[in-house]
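Notes for the one structure printed next.
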Protein chains: 2
Amino acid sequence: MITRETDYAIRAMLYLAHHAGDGAISAATVAEAMDIPYRFLRRILSRLVGTNLLVSTRGKQGGLRLARDPEEVSLLDVVEAMDPEVITLNSCVLKSALCARSAYCAVHDELCRIQIYVNAELGAISLAKLVEHESGRNDDLPHTI
Amino acid sequence: MITRETDYAIRAMLYLAHHAGDGAISAATVAEAMDIPYRFLRRILSRLVGTNLLVSTRGKQGGLRLARDPEEVSLLDVVEAMDPEVITLNSCVLKSALCARSAYCAVHDELCRIQIYVNAELGAISLAKLVEHESGRNDDLPHTI
DNA sequence: ACTATATGATACTATACCCGTGTCATATAC
DNA sequence: GTATATGACACGGGTATAGTATCATATAGT
């Protein structure tokens with residue numbers, strides 16, 4: 001399950017992707033535009049900086065910007081940055097040691113197969129693709145990116 | 001994320017599928033065989049009865065049995081019985097009303113697409129298939145179904 | 001140099017969910 | 001009648017989620 005924290009992270013990344021090339025953008029600006037609690041967002045952005053998805057500059061005129069081109073950042077990157085365990089279907093998929101029976105467990109095999117597909121799909125969705133989709137449909141609507 | 005409760009439910013269903021035709025099996029037997037805390041399992045089985053996946057008979061010689069053939073019960077059935085929100089990738093996938101921007105949200109669209117695939121996959125995995133896989137590989141191993 | 005503006009790093013709280021337990025009532029086979 | 005089984009709740013500890021609060025630090029512009 002994608003938590004709200006991760007959801008906010010995606011929104012923030014999308015906003016920054018949409019404004020890539022505009023220089024550094026402050027957390028306050030992102031919070032306002034994306035309707036995310038400021039202090040909560042601060043911690044999220046901090047994490048995204050720590051995982052090298054964002055680059056920050058301090059002080060006046062400072063802020064955040066994407067560390068890579070929007071084409072080079074996937075939804076999976078963002079999700080994994082926020083939660084190393086990703087959207088894991090079942091914990092036994094992640095740590096097979098958790099389940100004594102995992103070596104012989106058919107359920108485990110099936111879940112792993114599905115999990116691999118999900119991760120591949122998320123990895124194939126770039127921020128650029130998402131931004132393109134959104135702006136193509138509703139440039140003038142309120143509260144859109 | 002599949003919770004441990006759901007995981008137990010799957011294990012229990014698999015055990016009962018494997019012993020389909022053997023008559024009613026008590027919760028105590030399932031708990032012992034599948035290494036699930038008895039009282040916890042009781043509540044889980046109660047839920048599976050309530051959602052018509054299991055049929056129970058009370059009293060001596062009573063217990064649980066599958067309400068349908070193992071071929072007719074999917075992993076999705078079990079997961080949905082335990083948690084109506086299933087393995088939902090994101091809550092906005094389920095209740096679009098949660099997110100004001102969902103109508104124009106590309107992320108929402110992509111997640112829905114993946115979610116549909118996941119559900120279809122889970123729906124295509126029957127208990128019979130799982131039991132067949134397991135027993136084909138390790139009939140003599142300890143702690144297997 | 002000073003100040004306003006920006007992030008960095010923690011620590012804190014309240015709520016909710018997860019996992020498991022405990023108790024008592026009720027039905028039924030022998 | 002009694003042992004055996006499920007039915008229906010209520011309770012509690014631990015942990016994660018969602019959000020807040022505070023202070024330190026860096027920097028652009030005056």
Side-chain angles (χ1 to χ4, degrees), chain A residues 1-12 16 22-32 34-65 67 79 82-88 90-92 98-99, chain B residues 1-12 16 22-32 34-65 67 79 82-88 90-92 98-99:
Chain A
M1 182 76 160
I2 293 177
T3 65
R4 188 171 305 195
E5 192 176 24
T6 301
D7 193 84
Y8 286 163
I10 294 172
R11 286 198 224 173
L16 292 170
D22 295 9
I25 295 176
S26 74
T29 302
V30 178
E32 167 85 16
M34 291 289 96
D35 197 26
I36 302 170
Y38 171 70
R39 299 202 183 279
F40 198 20
L41 178 61
R42 286 288 311 282
R43 204 173 54 194
I44 293 167
L45 294 174
S46 225
R47 189 170 186 93
L48 294 172
V49 170
T51 52
N52 298 312
L53 289 182
L54 293 180
V55 173
S56 68
T57 47
R58 284 187 174 189
K60 225 167 181 174
Q61 309 291 350
L64 295 310
R65 81 194 74 190
V79 170
M82 297 310 297
D83 181 4
E85 299 204 356
V86 205
I87 307 181
T88 320
N90 193 344
S91 46
C92 85
L98 276 184
C99 176
Chain B
M1 182 79 160
I2 292 178
T3 65
R4 187 171 306 195
E5 192 176 23
T6 302
D7 194 83
Y8 287 162
I10 295 172
R11 287 198 223 173
L16 292 170
D22 294 9
I25 295 176
S26 74
T29 302
V30 178
E32 167 85 15
M34 291 289 95
D35 197 26
I36 303 171
Y38 172 70
R39 301 207 179 277
F40 198 19
L41 178 62
R42 287 291 310 284
R43 204 173 54 195
I44 293 167
L45 294 175
S46 224
R47 190 172 184 89
L48 293 172
V49 170
T51 52
N52 298 312
L53 288 182
L54 293 180
V55 172
S56 68
T57 46
R58 284 186 173 188
K60 223 166 182 175
Q61 308 292 347
L64 295 309
R65 81 194 73 191
V79 170
M82 297 310 297
D83 181 4
E85 299 205 356
V86 205
I87 307 180
T88 320
N90 193 342
S91 46
C92 83
L98 277 184
C99 177

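In the text below, chain A, chain B and the rest are named by the order of the sequence lines, each starting its count at 1.
Between V30(A) and L64(A), the closest side-chain pair of non-hydrogen atoms is not below 4.5 Å.
Within residues 52-60 of chain A, the residues approached by DNA chain C to less than 4.0 Å at the level of any non-hydrogen atom are S56(A), T57(A), R58(A), G59(A), K60(A), in residue-number order.
First and last contacts of DNA chain D with chain B, using any nucleotide atom under 4.0 Å from a protein heavy atom and ordered 5' to 3', fall at dT4(D) to dA10(D).
Residue A27(A) is classed as a sugar-phosphate contact, given heavy-atom separations below 4.0 Å to backbone atoms only. Using a 4.0 Å heavy-atom distance criterion, L45(A) is classed as making no nucleic acid contact. At the heavy-atom level, A28(A) lies nowhere under 4.0 Å from the strands shown.
With sequence neighbours excluded, the residues satisfying side-chain contact (heavy atoms from CB on, under 4.5 Å) with A9(A) are I44(A), L48(A), V78(A), M82(A). For Y38(B), there are no ring pair (Phe, Tyr, Trp, His ring centres under 6.0 Å) partners, not counting sequence neighbours.
Of all non-hydrogen atoms in I2(B) and D7(B), the two that sit nearest each other are CG2-N, 3.9 Å. L41(A) and A12(A) make their closest contact through CD1-CB, 4.0 Å (heavy atoms, listed as atom of the first residue, atom of the second, distance).
Applying the side chain to side chain donor-acceptor pair (under 3.5 Å) rule to pairs touching residues 46-64 of chain A yields nothing, sequence neighbours excluded.
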Every protein N/O within reach of nucleotides 16-22 of chain C N/O, cut-off under 3.5 Å:
unit_1  : atom_1 : unit_2 : atom_2 : d
dC19(C) : OP1    : R4(B)  : N      : 3.2
dC19(C) : OP2    : R4(B)  : N      : 3.1
dG20(C) : OP1    : R4(B)  : NH1    : 3.2
dG20(C) : OP2    : Y8(B)  : OH     : 3.2
dG20(C) : N7     : R43(B) : NH2    : 3.2
dG20(C) : O6     : R43(B) : NH1    : 2.7
dT21(C) : O4     : R43(B) : NH1    : 3.4

